Each structure stands twice: as structure tokens, then as C-alpha cells.
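Comments concern the structure below.
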Amino acid sequence: MKGTAGTTGAALTHAMSRVPGPVTVVTTVDGTGRRRGFTATSFSSLSLDPPLVLVCLNKTASTHAAFASADRFLVNLLAHGQDQIALRFARSGVDRFAEGDLEGDIVPCELGLPGAPGASARIACALHAVLDGGDHSIVVGRVLDTHVDDDRTPLVYYDRTFTHPASALGMTDPLLSLHLADW
């Protein structure tokens with residue numbers, strides 16, 4: 001069996017690459033009216049009462065200040081076929097919205113925030129708290145509105161590649177659908 005061990009950042013990064021995660025693009029509009037966004041796989045529900053979600057953002061990210069002070073933000077759970085949006089919002093030093101304006105893949109959605117109309121789900125939030133998480137901030141949002149498209153298959157990030165739940169392949173055996181399938 002091939003493997004790695006250790007407690008270094010690289011070892012933890014490798015271990016965490018084995019944990020499937022949702023692919024989200026989180027967006028807001030800052031105090032100057034500028035649209036801001038980033039790609040995140042560290043996203044989770046936190047509480048049903050009150051309804052809270054969390055997303056983690058590196059403290060050195062160019063968007064950190066905008067999200068740490070945002071009144072509202074929108075979590076776009078990307079769908080199959082939206083991997084290019086995820087890649088675009090993961091790049092640094094570019095206008096992440098310019099290409100979307102041309103393609104029409106980012107438009108005003110819930111609460112007027114920039115969103116991906118083809119996302120499998122969108123969750124609009126009010127900023128509830130920003131918590132310390134080491135080199136990341138844990139951005140907690142109070143859910144204000146949601147949109148779910150049951151016909152869209154969520155995009156998943158696993159082992160440094162985009163994939164999808166096996167259930168998207170039409171498998172009827174619930175045990176088989178626990179496994180991920182490659183594109």
C-alpha cells in the first residue's frame with residue numbers, strides 16, 4: 001500500500017485531498033459596489049436553528065477583507081459543467097467577473113448578489129460572525145434565502161480533480177451511490 005505520513009502542511013493537504021468536498025463560488029458586493037468572489041471547498045452547514053452555514057477563507061486572500069466586512073454573501077454550489085467557473089474564481093490577480101459577464105454565467109441572483117444561475121443550489125446569507133481558524137477565517141452566514149435546482153448534479157472536488165456523486169450515474173443501489181465516479 002502506497003501512502004504518506006506526517007504532520008506537515010503538505011501531509012495534511014494530501015490527507016485532506018482524500019475528503020470529497022462541495023465546489024462553491026462565494027460572492028459579495030463590497031462597500032464600493034465592486035463584486036468580489038472566491039472558490040471554496042471548505043463549506044458546510046452549521047446549524048438549523050438559527051439557520052447557519054460556514055465557509056473558510058485564507059486570511060491572505062485578496063478577497064478576505066471584503067468578506068470579513070460584508071453585510072451579505074451568496075454561496076453558489078456549482079453543478080456539473082461549471083468547473084470553469086470554479087477555476088476562474090480560484091485564480092489570483094484577474095477580474096473573476098469579466099469573463100462571466102461575457103458568458104452570462106454570473107448574474108444578479110438572490111438578494112441581488114452575483115450568482116451562477118446554473119448552480120445546483122444557492123444560499124444567500126447575512127454575515128453572522130467571522131471566527132479565527134489559524135491561517136483561515138471561518139465566515140459564518142445566517143441563511144436568508146435559498147434556491148435549489150433538483151435537476152442539476154453538484155460538482156465535487158476529490159483527490160485534486162472535479163467529479164460528481166455516483167448517484168448522478170443513475171445507480172439505484174444506495175450503497176453503490178456512496179462511491180464517487182470519475183467524469
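Any value given below was found using the heavy atoms of this structure, including those in side chains, with hydrogens, waters and symmetry copies removed. Note that this is a predicted model, so its numbers are computed, not measured.
- The number of heavy atoms from other shown groups lying within 6.0 Å of CG (D145) is above 12.
- Looking at L46 and V140, their side chains come closer than 4.5 Å, going by heavy atoms from C-beta outward.
- Looking at L74 and C125, their side chains never come closer than 4.5 Å, going by heavy atoms from C-beta outward.
- Side chains of S62 and R36 form a contact here, defined as non-hydrogen atoms less than 4.5 Å apart.
- Between T24 and T41, the closest side-chain pair of non-hydrogen atoms is not below 4.5 Å.
- Partners of D149 by side-chain hydrogen bond (donor to acceptor under 3.5 Å, both in side chains), not counting sequence neighbours: none found.
- Remark: S137 pairs with H64 by the side-chain hydrogen bond (donor to acceptor under 3.5 Å, both in side chains) rule, at least two apart or across chains.
- In this structure the side chain of R96 reaches within 4.5 angstrom of the side chain of T63, judged on heavy atoms.
- Contact of the R34 side chain with the T28 side chain is not registered, since no non-hydrogen atoms from C-beta on lie closer than 4.5 Å.
- Scanning for salt bridge (Lys or Arg N to Asp or Glu O under 4.0 Å) contacts around D132 gives K59, with sequence neighbours left out.
- Atom CG of D83 sits about 11.5 Å away from atom CZ of R88, to the nearest 0.5 Å.
- Applying the salt bridge (Lys or Arg N to Asp or Glu O under 4.0 Å) test to residues at least two apart or on different chains, the pairs with a partner in residues 120-131 are E110-R122.
- Here the side chains of V156 and P22 are not in contact, with every heavy-atom distance at 4.5 Å or above.
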Problem set entry | Criterion side chain to side chain contact (heavy atoms under 4.5 Å, CB included) on N76 and L78, from CA distance to verdict | CA-CA 6 Å; N76 297 271; L78 298 184; 4.3 Å; yes
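- When every heavy atom of A124 is checked against every heavy atom of L111, the shortest pair comes out as CB-CD1, 3.6 Å.
- Ion pairing between a basic and an acidic side chain is recognised when a charged N comes within 4.0 Å of a carboxylate O; R35 and D30 show no such pairing.
- Here the shortest heavy-atom pairing between A79 and A119 reads CB-C, 4.3 Å.
- Between S47 and P50, the shortest heavy-atom contact is OG-O, 2.7 Å.
- Legend: ring-ring contact (aromatic ring centres under 6.0 Å, His included) pairs involving residues 124-148, not counting sequence neighbours: none detected.
- The two atoms that bring C56 and A40 nearest to each other are O-CB, 4.3 Å, heavy atoms only.
- Residue F43 belongs to a hydrophobic cluster whose other members are V26, F38, V53, V55, L57, F67, F73, V75, I123, L127, V130, V139, V143, with links defined by side-chain heavy atoms closer than 4.5 Å.
- The NE2 atom of H80 sits 12.0 Å away from atom OG of S120, with the distance rounded to the nearest 0.5 Å.
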